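Scroll down for the structure; my scribbles are underneath it.
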Amino acid sequence: EPNTGVVAVPDRRLDVLAEMYHPEKYTPATLEFVDIAGLVKGASRGEGLGNKFLSHIREVDAIVHVVRCFEDENVIHVDGSVDPARDIDVINTELVLADIETVQKRAEKAAAMLKKGEKKYAVEAEAGEILLRHLNDGKPARTAPLDEDQLAVAKDWFLLTMKKVIYAANIGEEDLGKDESELPLVRPVREVAEAEGAQVLVICASAEEEISQMEPEEKQMFLEDMGIGESGLDRLVTLGYSLLGLISYLTAGPKEVRAWTIEKGTKAPQAAGKIHSDFERGFIRAQVIAYKDLEDADFNYAAVKSKGLQRTEGKEYVVNDGDVIEFLFNV
């Protein structure tokens, strides 16, 4: 079974609001990580525990692909040597092969329905044809040249290679703080990612393990000594949050300071519904202060209000990242 961990999204704004209110409760936004064991060659055909692992991957929103980028004779590699490009290809090939099987079934069904005169399946048939050609070239579905309608259809097929990816280049502790030009094993990871339009994060898993067991002050000293500044986990969470198209709006008071996770483009009533369904159902208006305005006023609420920077917004307002909001509702 995969291991699951819930990690807080670092947010300095929330820390500042907590210093203002000294709330009874402090609740940051979180991301859930599912640690899935590595796939082996043949996983798409059921080798190892392939089918089970593939089903776990199908359930996630994005993939963090950890790639070994360090040499250590004490850490055995399943293929006997360290080769990041080969390792990425092994995993991606298995995901592509699994997707080919899925797309073939969908395309065959769409073609059969078209023959029966069901013209609404034309887009599915087109999407299937484009995706099969693309996948058979060994390319992930996320880079396929699909138009808007075809993409909408393909998203409902839950393809593994349609998911966004972060490649985590896992380096050794002796390489911490080095310029990337001094890390030859990271280069092939960067090349693969650039070809796909994917993100790369250079981390050191062994150092992260040490950091996770440190007190905050000790952790900060360690990061400064290593010339890092921010832990790999914090960078990964922040990058993952952005990759998924997520933002946070904030609520603050003596009872609780909290970050609420919403998708970019969410309107005020739906954002209010994250707190409680009654807030959305009985939404009247939102009292909004942009965090930047609060910061510019030295976090003086009275000054913000006197300058007219607390806005009243209605149902069509699209919430921005960092908005500090109070909702008014009636049910």
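No hydrogens, no waters, no symmetry mates; every other heavy atom, side chains included, goes into these values. Just so we're clear, the structure is a prediction, and the values are computed from it rather than from any experiment.
Counting side-chain heavy-atom gaps under 4.5 Å among Ile, Leu, Val, Met, Phe, Trp and Tyr, the cluster of F70 also holds V75.
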- Item | Pair I262-Q270, side chain to side chain contact (heavy atoms under 4.5 Å, CB included): steps then yes or no | CA-CA 9 Å; I262 56 172; Q270 288 69 47; over 6 Å; no

- Query: Going through the checks in order, is the side chain to side chain contact (heavy atoms under 4.5 Å, CB included) test met by I203 and R235?
  - Reply: CA-CA 9 Å; I203 60 163; R235 287 183 291 124; 4.2 Å; yes

- Item | V153/E126 under side chain to side chain contact (heavy atoms under 4.5 Å, CB included): CA gap, chis, key distance, verdict | CA-CA 10 Å; V153 164; E126 290 165 5; over 6 Å; no

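Each ring pair (Phe, Tyr, Trp, His ring centres under 6.0 Å) pair with one or both residues in residues 71-106, not counting sequence neighbours, would appear here, but there are none. Judged as a ring pair (Phe, Tyr, Trp, His ring centres under 6.0 Å), the pairs with a partner in residues 298-331 (not counting sequence neighbours) are, in order, Y249-F327, F279-F329, Y291-F299. For residues 142-193, the pairs satisfying ring pair (Phe, Tyr, Trp, His ring centres under 6.0 Å) are H65-Y167, with sequence neighbours left out. Residue pairs satisfying the salt bridge (charged side-chain N to carboxylate O under 4.0 Å, His left out) criterion with at least one member in residues 288-302, sequence neighbours excluded, are listed as follows: R12-E295, K292-D296.
Applying the side chain to side chain donor-acceptor pair (under 3.5 Å) rule to D156 yields no partners; only residues at least two apart in sequence or on another chain are considered. For E208, there are no side chain to side chain donor-acceptor pair (under 3.5 Å) partners, not counting sequence neighbours. Scored by the side-chain contact (heavy atoms from CB on, under 4.5 Å) test, T27 finds K25, E256, R258 as partners (sequence neighbours excluded). With sequence neighbours left out, T238 forms a side chain to side chain donor-acceptor pair (under 3.5 Å) with no residue at all. For R68, there are no salt bridge (charged side-chain N to carboxylate O under 4.0 Å, His left out) partners at least two apart in sequence or on another chain. By the salt bridge (charged side-chain N to carboxylate O under 4.0 Å, His left out) test, E210 is found to be paired with no residue, residues two or more places apart in sequence or in another chain being considered. Applying the side chain to side chain donor-acceptor pair (under 3.5 Å) criterion to W260, with sequence neighbours excluded, gives T251.
When the side chains of ILVMFWY residues are joined at heavy-atom separations under 4.5 Å, either directly or via intervening members, I63 and L160 end up in a single hydrophobic cluster. Neither L250 nor I247 shares a network with the other; the hydrophobic side chains, linked directly or stepwise wherever heavy atoms of I, L, V, M, F, W or Y lie under 4.5 Å apart, form separate groups for each.
Heavy atoms of other residues, nucleotides or ligands lying less than 6.0 angstrom from NZ of K255 number 12 at most. Atom CD of E263 sits in a sparse spot, with 12 or fewer heavy atoms from other residues, nucleotides or ligands closer than 6.0 Å.
Salt bridge status for K116 with E118: absent, with no side-chain N to carboxylate O gap under 4.0 Å. With respect to R187 and E191, no salt bridge is recorded, no charged nitrogen being found less than 4.0 Å from a carboxylate O. Between R13 and D321, at least one side-chain nitrogen of the basic residue sits less than 4.0 Å from a carboxylate oxygen of the acidic one, meeting the salt-bridge criterion.
The side-chain heavy atoms of L328 and Q287, taken from C-beta on, include a pair separated by under 4.5 Å. Residues D175 and E182 form no side-chain contact, since every pair of their non-hydrogen atoms from C-beta on lies 4.5 Å or further apart. Using a 4.5 Å cut-off on side-chain heavy atoms (C-beta onward), I211 and L233 make no contact.
The line from OG1 of T4 to NE2 of H56 is 9.0 Å long, rounded to the nearest 0.5 Å. Atoms CD1 and OG1, on I91 and T161 in that order, are 13.5 Å from each other to the nearest 0.5 Å.
Using modelled atom types and a 3.5 Å distance limit, the side chains of D83 and S81 yield no donor-acceptor pair.
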